[in-house]
Asker: 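Just dropping this structure here.
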Amino acid sequence: MSAPLRGIAKETEEIVRTGGYRTETGRDVGIRTALDAAVAGTRMYGPAPVAVPPATKGRRDPRRTGRRALLRTGAAGAPAARVTASRTAP
């Protein structure tokens, strides 16, 4: 790791330890509340399998759901599928 990256890592650790930092203009920025919420919402999963919800039946239209869709083409191998960009539903 380069010296600049080590410096950034040390600065980040200090910000987390103290719960805030001071900007170049001298303004104090507190992140303790956000840090505490992040820690409270963190979950640790071990090596056991994680439950996955069952897939829904039918094909969704990404233009209506705002999600990406995996579309199958006639080709074989890697080019056989492509991800389409999502669009926001009207």
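Just so you know, these numbers use all the heavy atoms, side chains as well, and skip hydrogens, waters and symmetry mates.
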Asker: Minimum heavy-atom separation for R17 and R32, please, with both atom names.
Answerer: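 Answer, listing the atom of R17 first, then R32: O-NH2, 3.2 Å.
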Asker: Is it the case that the side chain of R43 and the backbone of A40 share a donor-acceptor pair, with hydrogens and angles ignored and the cut-off at 3.5 Å?
Answerer: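 Side chain of R43 to backbone of A40, a donor-acceptor pair under 3.5 Å: yes, one is there.
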Asker: Can you name the nearest heavy-atom pair linking I15 to I31, along with the distance?
Answerer: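 That closest heavy-atom pairing would be CG2-CD1, 3.5 Å.
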Asker: CD of E14: more than 12 outside heavy atoms within 6.0 angstrom?
Answerer: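 Buried by this count: over 12 neighbours within 6.0 Å.
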